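Report on the structure given below.
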Amino acid sequence: MKLYAPSTIRDIKERYGFKLSKSLGQNFLTDKNIIDRIIEGAGIGPEDLVIEIGPGIGVITSEAAETAKKVIAVEIDKNLIPILKETLADRDNVEIVNQDILKTDVNKLIEDCSKGEGDFSGVKIIGNLPYYITTPIIMKLLEDGVKADSITIMMQKEVADRIKAAPGTKAYGALSVAVQYYCTVEAVVNVPKDVFVPQPKVDSTVLKLEIREEKPVELKDREVFFSCVKAGFGQRRKTLLNSLMGVKNITKEAVRESLEAAGIDPSRRAETLDLEEFANLSNEVYSRL
Ligand code: SAM
């Protein structure tokens, strides 16, 4: 049975009385080539543990299980669990977890699995994410310090463009700075909307976020760094001198001094600052709070 064939989805819907949920972002992938590109892009090896977010009916899960040592698939929709048990019946290295990924302690999943199965050579997170919560999922994993090597995920193209954007471009914003602080970002493949059932309104991109072992910049305080980024882009048309007034209870004088000490012209806007400049600036702000 070709799991990814549209006829399989139709058959499953009929046999299980399964109704696709728009609110859970259920757009199922029907293109083997794209599935292969995700698996290859993630660089899954035979001794790896794979955590998949939102397996749906298991099209990516099944392929990942063929290559990886073990796959843990976290799916929120309880109606998909019996379906996954059927579609993945011949994969004895898959564990299905019926949970909301946003409420899942992924590091504990990894730890518990390693205790039971011995060490893995790597941990790869993959998924075709529900579009409505792509950013919260990525930020939760990164802020929680997920102990994985990489996160290779499909998302709305527009979100991918924002994540990989360079300073000075329209798409560059707080999300770009935040993700690029934690990861290097690589585009794996662009995906047209006609390879999904049902078809979404937007095109998609698969990104590989390789989690940095060492951060690219030194921060005196991560919270102040992210406050500066948030304040700067919160009012992106304002100059930094004005927008940074949104950082805690900082005074205008302290903002001016911080910008000067970091060697940044106070008339510049947040969208022109690279990661290093944001780091230097936030370190100066931190010492004046
Ligand atoms: N991987 C499948 C594929 O490519 O065909 C399904 C992808 S579909 C875009 C997103 C999947 O994520 C759905 O199965 C949906 O039920 C699941 N999902 C939505 N929100 C979730 C959450 N908070 N935690 C875990 N899974 C979630």
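Every value quoted in this text rests on a predicted model; they were computed, and no experiment measured them. Atoms within a ligand are numbered from 1 in the order they appear, just like the ligands themselves.
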Starting from atom 19 (C) of ligand 1, which protein heavy atom do you reach first, and at what distance in Å? Leu24 O, 3.2 Å
What is the nearest protein non-hydrogen atom to atom 5 (O) of ligand 1, stated with its residue, atom name and distance? Leu29 N, 2.9 Å
Assess the side chains of Gln26 and Asp77: does a donor N or O sit below 3.5 Å from an acceptor N or O? yes
Quick check on contacts: which atoms of ligand 1 are under 4.0 angstrom from a heavy atom of Gly25? 8 (S), 9 (C), 10 (C)
In plain terms, say whether Glu158 and Arg162 are close enough for a salt bridge, that is, a side-chain N and a carboxylate O under 4.0 Å apart. yes
Just let me know how Asn128 lines up against ligand 1, side chain, backbone, both or neither, with a heavy-atom cut-off below 4.0 Å. both
Tell me: protein heavy atom nearest atom 14 (O) of ligand 1, and distance? Glu75 OE1, 2.7 Å
How far is atom 21 (C) of ligand 1 from the closest protein heavy atom, and which atom is that? Ile76 CG2, 3.4 Å
Hey, what's the ring geometry for Phe226 with Tyr181, parallel, tilted or perpendicular (30° and 60° as the breaks)? perpendicular
Chi angles and distances behind the side-chain contact (heavy atoms from CB on, under 4.5 Å) call for Asp161, Thr169: CA-CA 10 Å; Asp161 288 344; Thr169 61; over 6 Å; no
Heavy-atom pairs closer than 4.0 Å: do any link ligand 1 to the side chain of Tyr4, the backbone, both, or neither? neither
In terms of side-chain heavy atoms, does Ser121 have a donor or acceptor partner in Asp48 at a distance below 3.5 Å? yes
Ile133 and ligand 1 - part of the residue with a heavy-atom distance under 4.0 Å: side chain
Run the numbers for me: atoms of ligand 1, each under 4.0 Å from some heavy atom of Val74, listed by number. 25 (C), 26 (N)
Could you list the atoms of ligand 1 found under 4.0 angstrom from a heavy atom of Asn27? 7 (C), 8 (S), 9 (C)
So do Val229 and Phe225 actually touch side chain to side chain, heavy atoms under 4.5 Å? yes
Here the atoms of ligand 1 under 4.0 Å from any heavy atom belonging to Gln26 are 13 (C), 15 (C), 16 (O)
Please assess Phe18 against Lys13 for the test side-chain contact (heavy atoms from CB on, under 4.5 Å), listing each intermediate value before the final yes or no. CA-CA 4 Å; Phe18 175 73; Lys13 279 171 66 184; 4.1 Å; yes
Please report which non-hydrogen protein atom sits nearest to atom 2 (C) of ligand 1, along with the residue it belongs to and the distance in Å to one decimal place. Pro55 O, 3.3 Å
Counting non-hydrogen protein atoms only, what is the nearest one to atom 24 (N) of ligand 1? Give residue, atom name and distance. Ile101 N, 2.9 Å
Taking side-chain hydrogen bond (donor to acceptor under 3.5 Å, both in side chains) as the test, write out the residues that go with Thr184, two or more places apart. none
